[in-house]
Each structure stands twice: as structure tokens, then as C-alpha cells.
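Shown next, in C-alpha cells, is the structure this report addresses.
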2 protein chains.
Amino acid sequence: MVRRRIEIKPIEDKAKRHTTFTKRRQGLMKKAKAFATDFEAEAAVITFSKAGNLFGLGHPSVDSLLDRYLAEPSSQLATETAINGAEKRIGEGVESGRWDLAVGDLGLEELGEVAAEVEKIKRTVVARAAEIAAAEGKNSPGEFSGAGSTIE
Amino acid sequence: MVRRRIEIKPIEDKAKRHTTFTKRRQGLMKKAKAFATDFEAEAAVITFSKAGNLFGLGHPSVDSLLDRYLAEPSSQLATETAINGAEKRIGEGVESGRWDLAVGDLGLEELGEVAAEVEKIKRTVVARAAEIAAAEGKNSPGEFSGAGSTIE
DNA sequence: AGGCCTATATATAAGGT
DNA sequence: TACCTTATATATAGGCC
């Protein structure tokens, strides 16, 4: 967006590309944070570079935003690929007896594993819901807004 | 940021505030999308207004980004509030026998309820993990970057 | 890599229609 | 309400350290 009247070129390459990537990423995060603070709102940005690196910013934190997002009705129209043996997986999860372990006795790593497994089950359920929703003609746009209250 | 040399005032009010909120939100989303396309990356933005309204943008979709994020190790350092009776809730969830219902037989609304309950359990586990992590002196920054590969 | 500079492109606050 | 317009603030590409 700058210093070259024209810059129709898709990209230069290598190091320059990475420098620009970093600058723009920082700019995006900065804007998100300013947006959140200026309006007393919550905002999170997460990005994966082409190489697979993860970057994120959250105000107040990415995880708190995601927890809140996942609790919203709109999160049930997940866009993921269809999954079939949902009931099978859930049955396995219950029968394995993991969930009645006393969570209070688990360490950090173990809790992480449990959370990951529970998340897996939830994703299966959500995917099945998305499947049904898709069959009913609904679709999930890249952009959305969902009412939670009355204003803003 | 404009037309007033100074605008130290926190905010004007009412309709103007909402207009500005909308413009800036759109600007943020636009930037995120441009960022993702320019660098062949994936990016998602989610925001909750003060009133609790949800807005989001994802490229290729918010949900696909979140799924990918949740599979990352860093997602296990959630920042949520501490929760106590984790093991109790999990025990109840299992004993209620809901999870071995055949998911394939459930309708959209029922699936939503199941997903919500599973999510609740996951949040409990994650919160307990956050509690332990906090006790160990770790903290969860608003911003982060996690390696997934070698470049970018 | 990370910081500073500068010219230019974008974003955007107010106000108008 | 939503869409222009315009003046100004930010972001940022490309250099240079």
C-alpha cells in the first residue's frame, strides 16, 4: 500500500515477504487491541501463516474469547467436514471410563489430555449438527454477526 | 483518529458511538481478510461488543480456524476463572448417561444441547488446568506466537 | 532481526444528503 | 438508516542502519 505508485506484483520474495508479513500482522493485532479497548469490547485474532505458525492476540485473552464463542448458538453451525461415526466415538469415550476420574487429582498435563478428548467429542457432535444444518439448506458464511442482546 | 486535531474525549455517545463501532469493526475485518489473502494465510477475528453481540470473520472460516487452534498445544493454557467442583460435575455428566445416546438419532436442537453440555465439561477441565498453571507461576499473555513449522 | 524514516495508501470522524 | 465527501490520522513498503 505504499511508496510504489503501482505494486501489481503479487509479491517479491523471501526475506522481504517475511518482513512485510510480520509488520502487517503486528498492525492487525494492534488494531484489534485498540478496537477492543476503545469500545470496551472483547476481541481476538488468530492467524496461521502458510508455514503453519500460529499467532494470536486476545483482549482480554484468546482463550476467554473462544470459550465465550463456543458457548454461542452460532458456533453450532461449524463449517467442518462431515463426520460419521459420532455415536461410536461418544460410546467409546464413556466406556473408557475416563470422565469419572477425579479431576482434582490430575496434573496439568493429564488435564490437558482430558480437555483435548472432551473437545474431540464436542467437535464430533458439532460436526454432526453442521451436517444436519447443511442438509436443511443453511450455510456458514465467512462473516457473521449474531445477536446476544439489544444494542451494538 | 480524524477531523478533530484533538479528540481526547473518551467517547461521544449513543448513535455516533455505534456508527463508529460498526465502521471500525468492518475495517478490522477487512484488514484481516486482506492479510489472509495477501499471504495465503488463515485468519479469524471474533469480537463481542459491550452489549454482548457477536461478530466474526474467518478466512477460510472462523470454525475451521478455531478447530485448528484448539488442536494446538498453546490452547491448553486457558485463562478462565477458577472452578472448583470439577470432578463432581464430570461425575454427574457421566452418570446422567447422556453421552451414550446415539448421536445419529438426535435432531439439530438436541445436538446443540449435547454440544453445550460437553463444552461445559471441557471448560471446567480447562479452568482447573488454568488454576494449576497459575499456581505454578505461569500466566497467559494476551498475545502469543507458537511455532508450528520452521518459517514465518 | 529489530528499529527508524519518509512518502504514500488506507482508514476513518464528522458532517452532509 | 444508509450512502457520499472531506480532512486528517494511521498503517505500511521500501530504504537505511
Side-chain angles (χ1 to χ4, degrees), chain A residues 1-59 141-152, chain B residues 1-47 49-51 53-59 141-152:
Chain A
M1 300 88 168
V2 141
R3 196 137 200 188
R4 282 240 146 196
R5 319 280 181 119
I6 46 175
E7 188 213 311
I8 314 163
K9 309 180 65 175
I11 304 109
E12 337 77 68
D13 277 70
K14 287 285 183 188
K16 288 188 180 180
R17 181 185 168 90
H18 180 254
T19 299
T20 300
F21 173 83
T22 301
K23 281 184 179 177
R24 286 240 248 152
R25 176 169 48 74
Q26 291 171 339
L28 181 63
M29 303 296 186
K30 181 179 178 182
K31 272 220 166 185
K33 188 169 217 164
F35 175 80
T37 55
D38 287 353
F39 295 101
E40 300 177 79
E42 299 189 2
V45 179
I46 62 178
T47 73
F48 283 95
S49 70
K50 191 179 184 182
N53 267 13
L54 168 66
F55 303 90
L57 165 79
H59 180 90
E143 194 165 3
F144 61 82
S145 68
S149 182
T150 48
I151 43 175
E152 272 184 15
Chain B
M1 298 87 170
V2 140
R3 196 135 199 191
R4 282 238 145 195
R5 317 282 180 117
I6 48 176
E7 188 212 311
I8 314 164
K9 312 180 63 176
I11 304 105
E12 337 77 67
D13 278 68
K14 287 287 183 187
K16 288 189 180 178
R17 180 184 169 91
H18 180 256
T19 298
T20 300
F21 174 84
T22 301
K23 281 186 181 176
R24 286 241 248 151
R25 176 169 46 75
Q26 292 172 337
L28 181 64
M29 303 296 187
K30 180 180 177 180
K31 269 211 168 190
K33 188 168 217 164
F35 175 80
T37 54
D38 286 354
F39 295 100
E40 298 177 79
E42 299 190 0
V45 180
I46 61 178
T47 73
S49 70
K50 191 179 184 181
N53 267 12
L54 168 65
F55 304 90
L57 166 77
H59 179 90
E143 195 165 3
F144 62 82
S145 67
S149 182
T150 49
I151 43 173
E152 273 184 13

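Hydrogens, waters and symmetry mates play no part in the numbers below; they use all other heavy atoms, side chains included. Chain letters run A, B, ... following the sequence lines, proteins first and then strands; every chain starts at 1.
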*Rounded to the nearest Å, what distance is computed from the CZ atom of residue A:R24 to the C1' atom of nucleotide D:dG14?*
14 Å
*Please report the C-alpha distance between A:M29 and A:K33 in whole Å, then the side-chain angles of each, then the deciding distance to 0.1 Å, and finally whether the side-chain contact (heavy atoms from CB on, under 4.5 Å) criterion is met.*
CA-CA 6 Å; A:M29 303 296 186; A:K33 188 169 217 164; over 6 Å; no
*Under 4.0 Å between a side-chain N/O of A:K31 and OP1 or OP2 of C:dT12, yes or no?*
yes
*asked:* Nearest to the A:K16 side chain among D:dG15, C:dA13, C:dA11, which nucleotide is it?
replied: D:dG15
_B:F39 CZ - D:dA13 C1' separation (whole Å)_ = 10 Å
*Mapping A:L28 and B:A15 onto DNA chain D by nearest heavy atom, which one lands closer to the 5' end?*
B:A15
_Checking B:D38 against A:F21 for the side-chain contact (heavy atoms from CB on, under 4.5 Å) test, could you report, in this order, the C-alpha distance in whole Å, the side-chain angles of both residues, the deciding distance, and whether it holds?_
CA-CA 9 Å; B:D38 286 354; A:F21 173 83; over 6 Å; no
*Within this structure, what is the NZ-to-P distance between A:K33 and D:dT10, rounded to whole angstrom?*
17 Å
*Take the protein atom CE of B:M29 and the nucleotide atom C1' of C:dT12, then report the distance between them rounded to whole Å.*
17 Å
_Of the listed nucleotides D:dA11, D:dA13, C:dA13, the one nearest the side chain of A:K30_ = D:dA11
_Short side-chain N/O contact to C:dA13 OP1/OP2 from B:R17, under 4.0 Å_ = no
*If you measure from OG1 on B:T47 to CZ on B:R24, what distance do you get to the nearest 0.5 Å?*
12.5 Å
*For A:H18 and C:dA1, is the shortest distance between a side-chain N/O and OP1 or OP2 below 4.0 Å?*
yes
*What is the distance from CZ of A:F35 to P of D:dT10, rounded to the nearest Å?*
17 Å
_Euclidean distance, atom CG of residue A:D38 to atom P of C:dA11 [Å, nearest integer]_ = 17 Å
*Can you find a donor-acceptor pair, distance only, under 3.5 Å between A:K23 side chain and D:dA11 base?*
no
*Parallel, tilted or perpendicular for A:F35 and A:F39, by the 30°/60° rule?*
tilted
*Given atom CD of A:Q26 and atom P of C:dC4, what is their separation to the nearest angstrom?*
12 Å
*Taking the side chain as every heavy atom from C-beta outward, state whether B:K30 and B:Q26 have any atom pair closer than 4.5 Å.*
no
